[in-house]
Every structure is written in structure tokens, then in C-alpha cells.
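Indexing begins at 1, ligand by ligand and atom by atom, following the structure's order.
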Amino acid sequence: MALKLSGWGALESPPLPITPKSLSSSSCLNFRTPRPSSVKCDYSCFEVRDVSYRPPGTEMSLLKSVNFSLPEKSFGLIFGRSGSGKTTLLQLLAGLSKPTSGSIHIQRYGNDGNPNQSPEPLTPERVGIVFQFPERYFMADNVLEEVTFGWPRQRGDLQFKEHLALRLQRAINWVGLNGISLDKDPHTLSGGYKRRLALAIQLAQIPDLLILDEPLAGLDWKARADVVKLLKHLKKELTILAVSHDLKELATLVDRSWSMKMGGILKEEPLPL
Ligand SMILES: Nc1ncnc2c1ncn2[C@@H]1O[C@H](COP(=O)(O)OP(=O)(O)OP(=O)(O)O)[C@@H](O)[C@H]1O
């Protein structure tokens, strides 16, 4: 099967077809199969309950009894002063560190607004995180290698590779990178396209929750507008939680917002615009 990418975005050079063969030389890290489509629910929320965090070996709590919930397919924004604990909270959500106390889970609710299942823990495989300045961490010589970095290298069956190829195509289409040749060096992309690539890397894993740490930082005005437009598009399909100082530019996307006070105390508050 050869999947040809086509669609929006100016075509700089003909894109490479994505085939199971072109995915055969990647390595495996934490790869998750998609949830069965038979699992239906009325709606679900990402919930943080009484989460506190004190780094190992220290006496100081960086987060104090944090509580919030974010319904699926909504956009949440956390703002607050530098050093208040925003990134620390994102790291807990992504499973990069463990709360000292409290829980982080997904809760499904029925039509009557009551939980209709036990909460499921939010495992790291269900979360995609794009750090500040993600382009600084690009490792590969071309776009295809960058998106598939960490994918299975062993000889899998054809069906599995077709499945990966479809995921890749979906992620690339989603962020509008389909006008870019997959053999292009990621470091030569514009600022906005580098951010699209960083998003595609996470979207290819089909996360339930996409976390963005300062998604507009370091971009010029045109790239910032471009990324905001893209996030508006992604929000239709995904649950997104961002930390940002760029409140005005992201305001039109925001469904829920919280202020992180110094000392790691989170409060639901409208954006101070
Ligand atoms: N492992 C650690 N041990 C001790 N202190 C830490 C540790 N990690 C972070 N801190 C401190 O915790 C506080 C919160 O840091 P954090 O990076 O979460 O803040 P932030 O709100 O994201 O800031 P910024 O907006 O500048 O990114 C800071 O004072 C930081 O120095």
C-alpha cells in the first residue's frame, strides 16, 4: 500500500509516499494501539484531585492540593507568574514525575452527569506533551525520520505497518504538513512549520490529552497566528491543556482557565484581559 499525501499547504517539492516499507526502519518506545471504537461513553473529563508535589529530597512543596477538571474536546489554559509551578503540573500530567499525593485520572460520565464507570488512571501513553521550543530537540535529518523517531524497528507484519502509515498520514494531514516533502531537513523549516512538526510527532501517537507548554513562545507574529489557527482546528478533535503567557492570542480558544498562584496553588479564573 502506498499512501500519497496531498491536500492543503503549498507544495514545495513532491512528498514521498508513506508506505509500510518506509516505516520499517524505526525503533520502538512505548507504542500504543488505538482504543477500540466500540468503547462508547457519554462524555469524559480529565480530572486532577488534591494533587500535591514535593520533589524527592526537598522540603518544599511546589504544588499544593491542586484540583481541576477538563472535559474532553475542550481547551484549558493555565496562566500565572514565572516560577509558580505551571510546568511542574504539566510534568505530573504527562507522567514525567509522580504526585506526592492525590490522583490524576479520566472519569466518564453518563447523561445524568453522574460517573458511570470507575475512574481510569491517566497513563503517560495517553498524553502527548510539546515542550517549550520543541524544535531545539529535533534529532533527525528529515521530516519522516523525525515523526517516526521511536517507532518499532523490528520486522512487524504488513497490517501493523499499514496501520502506522495511516497514523502518520493522519497526523501530517492534521497539522497541514502535507505540502512539505518528507525528506526535507526539519531544521530548514520555518518557525511555524517546525511547531506543526512538533505537534505531528505527538498526534501520531493519538493522545487523549495534548499538553502544550508555551506553544507560541519564540515565534514571529505570522507563525503565532498560524499556530493559533491550527490549534483551533485541532480542538475540534482533541482535548488540549496549555500553559502560556500569551493570553490575548489564545483567548478565542479557551473554554476553561486557571491561574497558578506563587507556591503552586491553582484557582479557576477568567483570563485577565
Ligand atoms: N526538582 C526541583 N527541585 C526544587 N525546585 C524545583 C524543582 N523543579 C522546579 N523547581 C522550582 O519550582 C518552582 C516552579 O517551577 P516551574 O518551572 O513549574 O514554574 P513555571 O510556573 O512553569 O515557570 P515559567 O513560567 O518560568 O516556566 C520554581 O521556583 C522552580 O525553581
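Nearest heavy-atom pair across Q202 and L210 is CB-CD1, 4.0 Å. Minimum interatomic distance between F79 and S257 (heavy atoms only, all atoms of both residues): CE2-CB, 4.1 Å. In terms of heavy-atom proximity, K86 sits nearest to R81 at NZ-O, 2.9 Å. Closest of all the heavy-atom pairs between L241 and L77 is CD1-N, 4.4 Å.
For R224, the side-chain hydrogen bond (donor to acceptor under 3.5 Å, both in side chains) partners at least two apart in sequence or on another chain are D246, E249.
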Donor-acceptor contacts under 3.5 Å from residues 90-98 side chains, at least two apart:
none

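For ligand 1, the polar-atom distance check against E214 finds no nitrogen or oxygen pair separated by under 3.5 Å. Geometrically, ligand 1 and T58 share no nitrogen or oxygen pair separated by less than 3.5 Å.
Proximity of L62 to ligand 1, defined as any heavy-atom pair under 4.0 Å, is confined to the side chain (atoms from C-beta onward). In P55, the part holding a heavy atom less than 4.0 Å from any atom of ligand 1 is the side chain. Contacts of H245 with ligand 1, taken as heavy-atom pairs under 4.0 Å, involve the side chain alone.
Annotation for ligand 1: atoms under 4.0 Å from non-hydrogen atoms of R81 are 21 (O). Interface atoms of ligand 1 facing S82, defined by a heavy-atom separation under 4.0 Å, are 23 (O), 24 (P), 25 (O), 26 (O).
Contact between G80 and ligand 1 is absent, with no heavy atom of the residue lying under 4.0 Å from the ligand.
Here the shortest heavy-atom distance to atom 15 (O) of ligand 1, taken over L92, T87, I78, T88, belongs to T88.
W258 and F68 have tilted rings, their planes meeting at an angle from 30° to 60° on a 0 to 90° scale.
In this structure, atom 30 (C) of ligand 1 has no protein heavy-atom contact shorter than 4.0 Å.
There is no side-chain donor-acceptor pair under 3.5 Å between N142 and D183.
Nearest protein heavy-atom neighbour of atom 21 (O) of ligand 1: K86 NZ, 2.8 Å. For atom 23 (O) of ligand 1, the closest heavy atom belonging to the protein is G83 N, 2.8 Å.
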